[in-house]
Amino acid sequence: MTTFDQTINRVGFACKIQKSHDVAVKELNTSTTTIKWLTAQTKAKSEQRLWDLVKQNVSALYHQIQWVGALPHNQRMFRITSDLLPAYTHSDWLAFYFQPDMTNWLERNLLECGELARALDVRLSFHPGQFCVLASENPQVVENSISEFEYHADLARYMGYGKTFQDFKINVHIGGKQGPDGIKRAVRSLSREARNCLTIENDEFKWGLEHSLELVDTCALVLDIHHHWIRTGEYIEPDDSRILRVLDSWRGVRPVIHYSCSREDVLVDHDTATRPDIKELKGLGFTSTSLRAHSDYYWNHACNRWAMSHNDWADIMCESKQKNLASQKFCNTALV
DNA sequence: GAGGGTCAAGTCCGT
DNA sequence: ACGGACTTGACCCTC
């Protein structure tokens, strides 16, 4: 049982609804602050600021879900920003977020967000940031990373998710020097809800698809097809045997893959009807780093066709600078 | 209002 | 050694 309709082939986008002429963006915007600023204020003032941010951000989340829920059914997928509750995992503000007034408020209001998402059939996820390194060789970093991951799991739980395997996705990279074994160790310390939500994504440099596949029995695997291309030069095809194993890791739930594209201002004169050839590009002096940066839009039609050919077996999370503007355009133009 | 420096945290690449 | 990149530039201060 899942919380979204699995017969829909979705294309989604991440974190932020980009301004366009017909959108009132203000109520859709989340805000944040810094630890430094909070620390410089009186307790009353910093707590007031955090309360204001919590209310603004949860309200923004509700409106974001509403907005995504009004899109065509096959575009109802959205990654929520990690900045929803600023400073949640900083030790100075832990108590603030666990006071009864706050937990009651979050329970009530985040549940409404979750219920709205389920009613509108919006598939939701999180992607904790670069500081969440569950497989770090530094035990302190692992401990902090588990807290960071559990913060996202708390949010999912408040929203009414985490109850069944992959009713909600919280995606991280393997990261760190411990690799897949480090992930297996860290998973033992995660809550049940966190384990239900955890997905692992292959990265461009250190831990690729062959490493994440070691975790097929641990959690669901997110295939990032652009990372895989950066790492190997290969445009992986839907009938590849490794994809069957990725599919297995989802245990019957419809998988999610990630799709991004090298920046258009890096590959300035590149033919938009031909997929970039990484060997050729490296011969011309392009570095992996320069090719991994995300484009504003999905400018390469050949890549788009290839990416869309994966939509039969997986939902496609778009990672591009122009967010919904790019994913909508991709969705509407990349016909297989 | 525009512009620039700054921001909790990890890890890697490229120069 | 240091800047940039990553799921995301936003925010605060000064002028």
Side-chain angles (χ1 to χ4, degrees), chain A residues 12-19 25 28-41 45-46 49-50 52-53 56-57 60-61 64 77-94 124-149 151-152 169-179 182 186 199-208 222 224 226-227 230-231 256-260 262-263 266 282 285-296 317-324 326-327:
Chain A
F13 66 100
C15 298
K16 203 182 134 184
I17 294 166
Q18 204 60 273
K19 185 182 271 194
V25 190
L28 298 171
N29 272 348
T30 58
S31 297
T32 190
T33 184
T34 61
I35 300 298
K36 182 173 172 145
W37 187 88
L38 289 170
T39 307
Q41 316 304 315
K45 194 170 175 191
S46 59
R49 176 68 177 142
L50 280 178
D52 291 344
L53 285 169
Q56 179 191 338
N57 289 351
L61 174 60
Q64 287 170 343
M77 183 162 76
F78 179 62
R79 178 188 300 162
I80 304 168
T81 178
S82 292
D83 283 335
L84 215 62
L85 307 182
Y88 188 98
T89 55
H90 192 282
S91 55
D92 290 353
W93 278 275
L94 193 69
L124 293 174
S125 64
F126 281 121
H127 194 337
Q130 58 268 49
F131 305 112
C132 187
V133 187
L134 294 169
S136 172
E137 58 178 353
N138 178 342
Q140 188 60 56
V141 171
V142 174
E143 196 183 308
N144 293 344
S145 297
I146 287 171
S147 303
E148 180 70 13
F149 197 90
Y151 151 60
H152 293 82
K169 149 180 173 261
I170 305 178
N171 178 65
V172 291
H173 296 268
I174 291 177
K177 290 200 170 68
Q178 285 198 75
T199 63
I200 290 289
E201 174 186 354
N202 56 299
D203 71 46
E204 311 94 315
F205 295 121
K206 197 167 173 60
W207 305 108
V222 167
D224 187 310
H226 181 68
H227 289 168
I230 295 280
R231 192 185 161 83
V256 178
I257 65 170
H258 289 181
Y259 174 43
S260 52
S262 301
R263 289 198 57 76
V266 171
K282 285 189 172 172
F286 289 93
T287 61
S288 294
T289 302
S290 73
L291 294 171
R292 92 162 155 157
H294 293 167
S295 63
D296 287 340
M317 174 55 74
C318 290
E319 297 179 327
S320 64
K321 296 294 178 192
Q322 289 303 324
K323 309 300 182 194
N324 52 300
S327 66

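Labels below follow one simple rule: chain letters A, B, ... track the order of the sequence lines, proteins then strands, and each chain is numbered from 1.
Note on A/Ser31: only backbone sugar-phosphate atoms sit closer than 4.0 angstrom, heavy atoms only; bases stay farther off. Heavy atoms of A/His152 sit nowhere under 4.0 angstrom from any nucleic acid atom. Backbone-only contact: A/Ser288 has heavy atoms under 4.0 Å from sugar-phosphate atoms and none from a base. Note on A/His258: nothing from the nucleic acid sits closer than 4.0 angstrom, heavy atoms only. Contact annotation for A/Glu148: base contact, defined as any heavy-atom pair under 4.0 Å involving a base atom. Counting any heavy atom pair closer than 4.0 Å across all strands shown, A/Ser136 reaches sugar-phosphate atoms only and no base atom. Residue contacts shown for A/Gly129 include a base, since a base heavy atom lies under 4.0 Å away.
Nucleotides C/dA10 and B/dG10, compared at atom P, are 23 Å apart to the nearest Å. When the P atom is used for both B/dA8 and C/dC12, the distance is 12 Å, rounded to whole Å. For the C1' atoms, the distance linking C/dA5 with B/dG3 amounts to 24 Å, nearest Å. Rounded to a whole angstrom, the distance from the P atom of B/dA2 to that of C/dT8 is 25 Å. Taking atom C1' in both B/dG4 and C/dC6, one finds a spacing of 23 Å when rounded to whole Å. Of the P atoms belonging to B/dC7 and C/dA1, the separation is 23 Å, rounded to the nearest Å. Annotation: C/dG3 and B/dA9 have their P atoms spaced 16 Å apart (nearest Å).
In this structure, A/Gln140 places its CD atom 18 Å from P of B/dA8, rounding to the nearest Å. Taking atom CD1 on A/Ile230 and atom P on B/dC13, their separation rounds to 13 Å, with Å as the unit. Across the protein-nucleic acid pair, A/Gln130 atom CD and B/dG10 atom P stand 10 Å apart, rounded to whole Å. When the C1' atom of C/dA5 is taken as reference, atom CG of A/Leu291 falls 13 Å away, rounded to whole Å. Between A/Ile17 atom CD1 and C/dA10 atom P there is a gap of 14 Å when expressed in whole angstrom units. Distance A/Asn57 CG to C/dA10 P: 13 Å, rounded to the nearest Å. Per the geometry, CZ belonging to A/Arg292 stands 13 Å off C1' belonging to C/dG3, to the nearest Å. Atom CD1 in A/Ile174 sits about 13 Å away from atom P in B/dC12, given to the nearest Å.
With the nearest nucleotide of DNA chain C identified for both A/Trp37 and A/Cys15, A/Cys15 has the one nearer the 5' end.
Comparing B/dT11, C/dT7, B/dC13 against the side chain of A/Lys323 picks out C/dT7 as the nearest. For A/Thr32, the side-chain atoms get nearest to C/dC11 when compared with the rest of C/dC11, B/dG10, B/dA8. For A/Thr81, whose side chain is taken as the heavy atoms from C-beta onward, the closest listed nucleotide among B/dG10, C/dT8, B/dC7 is C/dT8. Comparing atom distances between the A/Ala293 side chain and each of B/dC13, B/dC12, C/dC6 picks out C/dC6 as nearest. The listed nucleotides are C/dC12, B/dA8, B/dG10; the one nearest the side chain of A/Thr34 is B/dA8. Of the candidate nucleotides B/dC13, C/dT8, C/dT7, C/dT8 has the atom lying nearest to any side-chain atom of A/Lys321. Comparing B/dC12, C/dT8, B/dG10 by their closest approach to the side chain of A/Asp83 singles out C/dT8. For A/His173, whose side chain is taken as the heavy atoms from C-beta onward, the closest listed nucleotide among B/dT11, B/dT6, C/dT7 is C/dT7. Nearest to the side-chain atoms of A/Thr33 among the listed nucleotides B/dC13, C/dC12, B/dA8 stands C/dC12.
In this structure a side-chain-to-backbone donor-acceptor pair under 3.5 Å is missing from A/Ser290 to A/Phe286. A distance-only check finds a donor-acceptor pair linking the side chain of A/Gln64 to the backbone of A/Leu28 [under 3.5 Å]. A donor-acceptor contact shorter than 3.5 Å links the side chain of A/Gln178 to the backbone of A/Ser136. In this structure, the side chain of A/Arg79 does not engage the main chain of A/Phe126 through any donor-acceptor pair within 3.5 Å. Using a distance-only test at 3.5 Å, with no hydrogens or angles considered, no donor-acceptor pair links the side chain of A/His294 to the main chain of A/Ser260. Under the 3.5 Å distance criterion, the side-chain polar atoms of A/His90 are matched with a main-chain donor or acceptor of A/Asp92. Side chain of A/Tyr151 to backbone of A/Leu85: a donor-acceptor contact under 3.5 angstrom is found.
An OP1 or OP2 oxygen of B/dG10 is reached within less than 4.0 angstrom by no side-chain nitrogen or oxygen of A/Lys177. A sub-4.0 Å separation between OP1 or OP2 of B/dA9 and a side-chain N or O of A/Thr89 is absent. OP1 or OP2 of C/dA10 lies within a sub-4.0 Å distance of a side-chain N or O belonging to A/Lys16. Distances shown here put every side-chain N or O of A/Lys282 at or beyond 4.0 Å from the OP1 or OP2 atom of B/dG14.
Under the 3.5 Å distance criterion, with hydrogens and angles disregarded, a donor-acceptor pair is assigned to the side chains of A/Asn171 and A/Thr199. Between the side chains of A/Thr30 and A/Lys16, not a single donor N or O lies within less than 3.5 Å of an accepting N or O. In this model, a donor atom of one side chain and an acceptor atom of the other lie less than 3.5 Å apart for A/Asn144 and A/Gln140.
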(request) Fill in the dot-bracket string of DNA chain B, one character per base: . for unpaired, | for a pair to another strand, ( ) or [ ] for pairs within the strand, taking Watson-Crick or G-U pairs under 3.5 Å. (result) |||||||..||||||

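Stacking between A/Phe131 and the base of B/dG10 is absent under the criterion of ring centres within 5.5 Å and planes under 30 degrees.
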